[in-house]
Amino acid sequence: MSAFTVAAVAPRAVAAPRRPFVAAKSRRAAAPVRRAVLESAPVSSGKDFEPEPDLELSDLTAISPIDGRYGAKIKILRACFSEYALVRARVIVEVRWLQKLASIPQITEVPPLSDDANAFLEKFLADFSPADAAEVKKVERTTNHDVKAVEYVIKDRLVQHPELKSIMEFTHFACTSEDINNLSHALMLRSGVDVVLPFMDEIIDVIVGKATEEAETPMMSRTHGQPASPTTLGKEFANVAYRLARQRAQMRTVPLYGKMAGAVGNYNAHMSAYPDVDWQCVAEEFVTSLGLTFQPYVTQIEPHDYMAELFNCVQRFNTIVLDLDRDIWSYISIGYFKQKTVAGEVGSSTMPHKVNPIDFENSEGNIGMANAMFEHLSAKLPVSRWQRDLTDSTVLRNMGVGFGYSLIAYQSTLKGLGKLETNAAAMAADLDCNWEVLAEPIQTVMRRHDIEKPYEKLKELTRGRRVDRDGMREFVEKLEMPEESKQRLMDMTPATYIGNATAQALDIVAKIKAL
């Protein structure tokens with residue numbers, strides 16, 4: 001019979017379970033009581049949680065926790081990644097393009113703008129508000145085209161100024177929607193990154209501070225969850241600080257690209273109207289005037305490769321923060337850290353004694369959400385059918401989601417780090433319970449002095465068993481090696497067997513500055 005075949009087995013007779021002895025009269029008396037209780041119990045109609053229609057949007061009714069529960073934590077990003085921010089960025093690009101056209105001598109139909117005209121445009125941009133963006137969205141309900149709605153609202157403003165009214169049809173001149181969108185998204189990313197970077201820097205700074213403060217605090221390391229060669233708490237913090245700083249440094253090297261090349265990237269429309277203008281040079285001047293890097297080779301869309309690079313950098317930074325969150329969580333669980341209590345806080349709804357590591361757990365969860373979004377953005381955005389499709393449009397509206405969840409996570413990690421208190425006594429006690437970790441240096445010194453089978457002898461002494469101070473010293477005492485080496489081993493303790501961990505921790509500031 002195959003091992004995966006279930007054999008047919010005749011059922012065994014099973015005795016009926018015994019009922020607990022209850023007098024028949026008692027059972028009969030209890031029955032009406034049970035029926036009465038059941039009949040009086042409220043019965044759900046199945047409509048207890050029917051949705052309420054037309055709820056006004058608020059912190060309590062928002063579907064996404066970014067805009068609801070955590071809205072206050074990411075409020076600063078609304079000016080960078082909201083629909084209002086996108087509309088405002090598009091208006092800026094359209095107005096700057098009109099001003100650029102006015103500076104090109106060959107375009108005689110758009111003469112250089114007067115100071116008064118430029119002042120009018122600058123005031124329009126400076127005063128642009130959510131109410132203006134709402135007007136754009138109202139127009140969009142008719143056009144069913146978001147960028148065209150922007151163009152129409154700008155024209156409505158231009159007609160209010162005689163000089164600008166005469167050139168209003170040069171609004172959106174030779175542009176495809178993607179010319180406006182790609183530059184707008186780059187401007188939004190720049191502003192969003194500028195918001196997030198200080199939080200990244202603060203995390204690095206706090207960890208660097210802990211690395212230097214705890215540079216000499218000995219700590220048991222753990223590999224595969226088991227006691228391993230000791231280190232210092234400061235050096236382990238330094239590891240994380242350097243990894244984070246490296247990703248932070250790489251973010252500075254990612255250029256934000258933009259293009260202004262028309263429908264398929266060949267300046268077709270531009271050259272049909274003004275063939276004598278060097279439109280590629282004009283486009284480069286315009287893109288760089290916005291503080292962006294010119295992308296010379298495009299289809300209808302800027303290929304979004306730089307976005308994938310940027311999102312991957314943030315994703316790697318986040319992954320390192322998550323790694324820190326889990327390590328700190330684990331160290332708290334074994335008593336290496338205590339957490340400062342906050343008056344009024346509750347750790348558990350039923351266990352009053354608990355002080356849970358909720359900040360690190362919150363950070364870990366939000367980083368998972370952020371990285372899931374960045375993963376999709378990085379994989380999807382560089383892919384577009386032929387010269388363009390519209391799948392990037394809806395996806396790009398979610399850039400702020402990844403940064404929002406990241407910002408929530410960073411604040412949680414910082415809050416958790418601020419509550420930590422090092423329990424050096426617990427670390428010292430753990431080291432003193434694990435003298436067998438000195439098997440490594442002892443067998444290494446034995447190798448130096450050509451003692452036979454050093455690893456095997458220490459394995460026999462220590463593997464899977466506890467060896468105390470006296471046991472290790474007794475073993476070393478019997479070794480035939482120079483007295484100086486033997487004494488060094490005799491003087492060694494788990495707490496002093498830390499290599500150059502202290503020096504590495506103290507050197508972290510210089511190492512980060514060199515990145």
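If you read the sequence from its start, that first residue is 1, and numbering goes on from there. Quick caveat: nothing in here was measured; it's all calculated off a predicted structure.
Under the 3.5 Å distance criterion, the side-chain polar atoms of Asn312 are matched with a main-chain donor or acceptor of Ala308. No donor-acceptor pair closer than 3.5 Å links the side chain of Ser82 to the backbone N or O of Ala79. A donor-acceptor contact shorter than 3.5 Å is absent between the side chain of Lys486 and the backbone of Glu480. Within the 3.5 Å criterion, the main-chain N or O of Ile66 finds a donor-acceptor partner in the side chain of Ser64. Listed for the Asn356 side chain is no donor-acceptor partner under 3.5 Å among the backbone atoms of Ile358. Between the Arg447 side chain and the Pro454 main chain, no donor and acceptor come within less than 3.5 Å of each other. Side chain of Asp67 to main chain of Ile63: no donor-acceptor pair is present (N/O by atom type, distance under 3.5 Å, no hydrogens or angles). Without hydrogens or angle criteria, Gln411 side chain to Lys73 main chain gives a donor-acceptor distance under 3.5 Å. Looking at Thr212, its side chain does come within 3.5 Å of a backbone N or O of Val208 through a donor-acceptor pair. Looking only at distances, no side-chain donor or acceptor of Asn182 sits under 3.5 Å from a matching main-chain atom of Glu302.
Between Gly258 and Val287 the shortest heavy-atom distance is O-CG1, 3.7 Å. Here the closest heavy-atom approach between residue Met399 and residue Leu377 is recorded as CA-CD1, 4.1 Å. In terms of heavy-atom proximity, Ala249 sits nearest to Leu515 at CB-CB, 4.3 Å. Among all heavy-atom pairs drawn from Ser485 and Val445, the shortest one is CB-CG1, 4.1 Å. When all heavy atoms of Ala505 and Ala211 are compared, the pair lying nearest together is CB-O, 3.6 Å. Scanning both residues, Met188 and Ala89, for their nearest heavy atoms gives CG-CB, 4.2 Å.
Using a 3.5 Å distance cut-off with no hydrogens or angles, the side chains of Asp432 and Trp435 do pair a donor with an acceptor. Between the side chains of Thr493 and Thr496, at least one donor-acceptor pair of N or O atoms lies under 3.5 Å. Gln295 and Tyr306 are not linked by any side-chain donor-acceptor pair at a separation below 3.5 angstrom, with hydrogens and angles left out of the test. Side-chain atoms of Thr502 and Glu216 form no donor-acceptor pair, as typed in the model, at a separation below 3.5 Å. Judged by distance alone, the side chains of Asn318 and Ser406 do bring a donor and an acceptor atom under 3.5 Å apart. Using modelled atom types and a 3.5 Å distance limit, the side chains of Tyr70 and Asn362 yield a donor-acceptor pair. In this model, a donor atom of one side chain and an acceptor atom of the other lie less than 3.5 Å apart for Asn371 and Thr319. Counted by atom type alone, Ser363 and Ser412 present zero donor-acceptor pairs between their side chains at under 3.5 Å. Residues Asp325 and Thr413 have side chains that bring a donor and an acceptor to within less than 3.5 angstrom of each other.
Within the 4.5 Å cutoff, the side chain of Thr288 has no heavy atoms near those of the Thr293 side chain. Using a 4.5 Å heavy-atom cutoff, the side chains of Lys459 and Leu461 are not in contact. Side-chain contact check for Gln339 versus Pro357: some heavy-atom pair is nearer than 4.5 Å.
Classification of the Phe337-Phe237 ring pair by plane angle, with boundaries at 30° and 60°, yields tilted. Aromatic ring orientation, Phe128 versus Tyr84: parallel (interplanar angle below 30°, classes split at 30° and 60°).
Note that CG of Asn366 is 11.0 Å distant from CD1 of Ile74, once rounded to the nearest 0.5 Å. Considering CD of Glu178 and CD1 of Ile301, their distance stands at 6.0 Å, rounded to 0.5 Å. The CD atom of Gln247 sits 10.5 Å away from the CD atom of Gln315 when rounded to the nearest 0.5 Å. Within the model, atoms CZ of Arg190 and CG of Leu310 stand 13.0 Å from one another, a figure rounded to the nearest 0.5 Å. Here CE of Met446 is found 4.5 Å from CD1 of Ile451. Values are rounded to the nearest 0.5 Å. Atoms CG and CG, from Leu86 and Leu396 in turn, are 9.0 Å apart once rounded to the nearest 0.5 Å.
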Under the salt bridge (Lys or Arg N to Asp or Glu O under 4.0 Å) criterion, do Lys457 and Glu452 qualify, and how do the steps go? CA-CA 9 Å; Lys457 291 177 180 178; Glu452 187 180 42; 5.2 Å; no

Audit row: Glu56, Thr61, side chain to side chain donor-acceptor pair (under 3.5 Å) steps and yes/no: CA-CA 7 Å; Glu56 289 293 325; Thr61 61; over 6 Å; no

Please evaluate residues Asp392 and Lys380 with respect to the criterion salt bridge (Lys or Arg N to Asp or Glu O under 4.0 Å), reporting the C-alpha separation (whole Å), side-chain torsions for both, the decisive distance (0.1 Å), and the verdict. CA-CA 8 Å; Asp392 65 330; Lys380 190 275 156 290; over 6 Å; no

Show your reasoning for whether side chain to side chain donor-acceptor pair (under 3.5 Å) applies to Asn500 and Gln504. CA-CA 6 Å; Asn500 73 337; Gln504 286 193 49; 2.9 Å; yes

Please report the C-alpha distance between Arg465 and Glu436 in whole Å, then the side-chain angles of each, then the deciding distance to 0.1 Å, and finally whether the salt bridge (Lys or Arg N to Asp or Glu O under 4.0 Å) criterion is met. CA-CA 8 Å; Arg465 65 180 69 177; Glu436 58 271 17; over 6 Å; no

Could you walk me through whether Glu364 and Arg326 pass the side-chain contact (heavy atoms from CB on, under 4.5 Å) check? CA-CA 8 Å; Glu364 180 181 340; Arg326 290 181 177 176; 2.9 Å; yes

Could you go step by step and tell me if Leu479 and Phe475 meet the side-chain contact (heavy atoms from CB on, under 4.5 Å) rule? CA-CA 7 Å; Leu479 295 175; Phe475 179 87; 4.0 Å; yes

Apply the test salt bridge (Lys or Arg N to Asp or Glu O under 4.0 Å) to residues Arg69 and Asp59: give CA-CA distance (whole Å), side-chain angles for both, the deciding distance (0.1 Å), then the verdict. CA-CA 6 Å; Arg69 181 178 181 85; Asp59 290 352; over 6 Å; no

In sequence, state the C-alpha distance, the side-chain angles, and the governing distance for Met481 and Leu489, and then conclude on side-chain contact (heavy atoms from CB on, under 4.5 Å). CA-CA 11 Å; Met481 64 171 60; Leu489 293 176; 4.0 Å; yes

Please determine whether side-chain contact (heavy atoms from CB on, under 4.5 Å) holds for the pair Met307 and Tyr257, giving the CA-CA distance in whole Å, both sets of side-chain angles, and the decisive distance to 0.1 Å. CA-CA 9 Å; Met307 291 186 177; Tyr257 280 102; over 6 Å; no

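A salt bridge does not link Asp146 to Lys137: none of the charged nitrogens lies less than 4.0 Å from a carboxylate oxygen. The pair Arg473-Glu477 does not count as a salt bridge, with every side-chain nitrogen at least 4.0 angstrom from each carboxylate oxygen. Ion pairing of Arg397 with Glu83 is present here, as a side-chain N (NZ or NE/NH1/NH2) and a carboxylate O approach within less than 4.0 Å.
Screening Thr217, Asp430, Asp327 against Tyr336 for a side-chain hydrogen bond (donor to acceptor under 3.5 Å, both in side chains) leaves a single residue, Asp430. Checking Phe403, Phe317, Tyr405 one by one against Tyr410, the ring-ring contact (aromatic ring centres under 6.0 Å, His included) holds for a single residue, Phe317.
Residue-environment remark: NZ (Lys419) exceeds the threshold of 12 foreign heavy atoms within 6.0 Å.
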